[in-house]
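Please read the structure below before turning to the comments.
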Amino acid sequence: MKNPVRLFKDWFSRHSMRTKLAVTFSCTVVLILLLLMILLNYFITRNYREQLLHTAEKSCDQAQSFLENYLETMIYVSDLIYYNNDLQQAMSSPAFNGHRNFGVQYREFLQLDKVFTSVEMVETIYRSRVFIPDDIFYSSNQRHFAGVSQLEGRVDYEEFLRKSQTEMVYFTEPEEVKIPGQIYTVNLVSLLRTIRNTDGTATPIGVEQVSILTSQLRSVLEKSDITTTGAVYLVNDAGAVISASGGGGGLLKMLSENGTLPQYDRKVRKWTAQTLAGESYLMNQQRLKLADWTLIALVPEKEINRQMTQIGSVILVLSLFAVAVVCTVSVLIARYYTHRLKLLTDMMHTVRGGDLNVGMEKPSNDEIGQLFRSFSHMTEELKELMQQQYKSGKAVKSAQLKALQAQINPHFLYNTLDLINWEAMDHGAPEIAEIAKSLARFYRISLNRGQQVVTIEQELRHVEAYVKIQNHHFDGAISLKTDVPEELLPLGCINIILQPLVENSIMHGIAEIPYIQECNVSISALREEGDVVFTVEDDGMGMTEDQLKALLCADSSDSHGYGVKNIDSRLKLSYGDAYGLTYRSVVGHGTAVTIRIPAMTPEEMERHVQ
């Protein structure tokens, strides 16, 4: 009997080249394809579980970040109410009761109502109010005021009193509330906080309430729930569910009724296996820092296994389909294989060498012809993409610069307008014109009709307007000196690069350190060859090396740090790394920052930054 290998060689040698190519191509590709599919199935099923849990963990991390931002916003708003001077003066007065003249109470109501109306402008805050004595006529307002009896009638009043002894704020469980003037109820989660007298006695003078909609929390949780039968929910230490993803409502209800709803457990690590109501789950918990809330995610084991099985089935079907296609196509294209693929390879080498204008013969309608057409289409798209890349590069740079120019702080506008209002009420208007004039000059130069470039003279007027406004806040405690040669004033300057630095000097000086009585800031400029170099110097407390590094690398919610980083980025994006900010500071002796820009006319600079 002959050797099987020898028999196969004899059979193979008797057939045409077309058959040889078809058999060789089919067998080789099928074997490689099957091997790849087996390996692919192995690695995918092995890593799928880990990747799914990693994705779920990242989703929970993001949800935790959003939830903590909500809590921080609530505490921030409660601080605005707590430390409001008008509210402190009114509620700490021994005469804060309903026995006063109605007109006095009404004026007091209008004054305090503005406080709560202004803080409700914060996007996530739905309602804010304070509990006052029941005999005050506007305690029935219900929107921003409520009687103390309503607070004392709450089911969690004793719990609030207990926690207020050791904790700054207390977060309630969800509650259905009917808002005055509305025909529907809303579901709210609230922060309760005891307001104490800020005169040093820390005497309790009232309780404030800041509320957000639970639907906002649910929206965050739903986005973090990547399963169809699992759940992501928020629970407090008392076991009450604050909010949950929409798909997990039935599961949580069942677990609550069975008394098996997981709560915060110090022993639980990331993705700990749990058996709940006869089903296996993987549980992850993340503790929120500002409240006794825990974010818990439950991922069903059976859902992971089902999806892994589905992946394996899809890979198997694709493998069988691919084998059939390879065997069929290999027979059809065998006779064209060598010549036409070589031609296509030569064209690819031409394109790889940088010549996109390759000659393309009219392709046939078979599979190789489709490759020719696809290759032709790809080269045409590559040409267009190269053109688009060139254009989009300039557009992206311009968009980045314009986005970075968005420096106007709405809180500054609100505070200044509030100042104008109080000046009018307290003094009868003698300083209103000056404040309004300075504010108009400040924003006129800031906006600059959409242009990014002003003259150095305009930029200095912008800073002077800002300091004038701040001096009304700090009773003239800020001194600004400018030393800029006359010949530099007409030169161009990117808008809003000096004001944020002066603002830093004020905010980190007199504004944040109460015992400092004055703040001296100086701005000087000189010409160094083809550049203009500004120096902004103050006599504040100075900064350490670590603080300086953090200031120039700031990517946080700190508005002042972001302003410094913003200026440095704008200058480097416009002119290159040779330009930007340089800090030097000595703790206890002040800070100086150097700003280097090219010496250009406004017209030249405007063309340069486009």
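Worth saying up front: this structure is predicted, and the values here are computed from it rather than measured.
Counting only distance, with no hydrogens or angles, the side chain of Tyr82 and the backbone of Arg196 share a donor-acceptor pair below 3.5 Å. Although no hydrogens or angles enter the test, the distance criterion places a donor-acceptor pair under 3.5 Å between the side chain of Asn236 and the main chain of Ala240. No donor-acceptor pair closer than 3.5 Å links the side chain of Ser93 to the backbone N or O of Gln89. Under the 3.5 Å distance criterion, the side-chain polar atoms of Asn141 are left unmatched by any main-chain donor or acceptor of Ala146.
Salt-bridge check for Arg129 with Glu208: failed, with every basic side-chain N at 4.0 Å or more from each acidic carboxylate O. A salt bridge does not link Asp156 to Arg162: none of the charged side-chain nitrogens sits closer than 4.0 Å to a carboxylate oxygen.
For Val115, the side chain to side chain contact (heavy atoms under 4.5 Å, CB included) partners are Asn84, not counting sequence neighbours. Qualifying side chain to side chain contact (heavy atoms under 4.5 Å, CB included) partners for Arg306, counting only residues two or more places apart in sequence or in other chains: Thr228, Glu303, Gln310. Partners of Glu175 under the side chain to side chain donor-acceptor pair (under 3.5 Å) rule, at least two apart in sequence or in another chain, are Arg154. In this structure Ile38 satisfies the side chain to side chain contact (heavy atoms under 4.5 Å, CB included) test with no other residue, sequence neighbours excluded. For Asp61, the side chain to side chain donor-acceptor pair (under 3.5 Å) partners are Gln286, not counting sequence neighbours. Every residue two or more places apart in sequence or in another chain was checked for a salt bridge (charged side-chain N to carboxylate O under 4.0 Å, His left out) with Asp538, and none qualifies. Residues meeting the side chain to side chain donor-acceptor pair (under 3.5 Å) test with Asp292, sequence neighbours left out: Lys163. Residues passing the side chain to side chain contact (heavy atoms under 4.5 Å, CB included) test with Lys223, sequence neighbours excluded: Ser219. By the side chain to side chain donor-acceptor pair (under 3.5 Å) test, Ser139 pairs with no residue at all, sequence neighbours left out. Qualifying salt bridge (charged side-chain N to carboxylate O under 4.0 Å, His left out) partners for Asp265, counting only residues two or more places apart in sequence or in other chains: none.
Here the side chains of Thr294 and Leu288 are not in contact, with every heavy-atom distance at 4.5 Å or above. Put simply, the side chain of Arg127 reaches to within 4.5 Å of the side chain of Leu188, judged on heavy atoms. With contacts defined as side-chain heavy-atom distances shorter than 4.5 Å, the pair Leu191/Gln209 does not qualify.
To the nearest 0.5 Å, atoms OG (Ser211) and CE (Met74) are separated by 6.5 Å. Of the inter-residue distances, the one linking Ile44 atom CD1 with Leu39 atom CG reads 11.0 Å to the nearest 0.5 angstrom. Once rounded to the nearest 0.5 Å, the distance linking CD1 of Ile506 with CD1 of Ile478 reads 3.5 Å.
For residues 102-121, the pairs satisfying ring-ring contact (aromatic ring centres under 6.0 Å, His included) are Phe102-Phe137, Phe109-Tyr138, Phe109-Phe145, Phe116-His144, Phe116-Phe145, with sequence neighbours left out. Residue pairs that meet the ring-ring contact (aromatic ring centres under 6.0 Å, His included) test with at least one member in residues 256-295, sequence neighbours left out, are Phe171-Trp293.
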Apply the test side chain to side chain donor-acceptor pair (under 3.5 Å) to residues Asp225 and Ser245: give CA-CA distance (whole Å), side-chain angles for both, the deciding distance (0.1 Å), then the verdict.
CA-CA 7 Å; Asp225 189 359; Ser245 59; 3.0 Å; yes
Tell me, with the steps shown, if Glu72 and Lys289 meet salt bridge (Lys or Arg N to Asp or Glu O under 4.0 Å).
CA-CA 10 Å; Glu72 288 174 357; Lys289 300 176 183 178; over 6 Å; no
Take Val169 and Leu71, measure what side chain to side chain contact (heavy atoms under 4.5 Å, CB included) needs, and give me the verdict at the end.
CA-CA 11 Å; Val169 298; Leu71 295 178; over 6 Å; no
Do Thr229 and Leu251 pass the side chain to side chain contact (heavy atoms under 4.5 Å, CB included) test, and can you show the C-alpha distance, the side-chain angles, and the key distance before you say yes or no?
CA-CA 8 Å; Thr229 58; Leu251 173 62; over 6 Å; no
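A side chain to side chain contact (heavy atoms under 4.5 Å, CB included) with Leu276 is found for one member of Asn258, Leu298, Leu261 and no other, namely Leu298.
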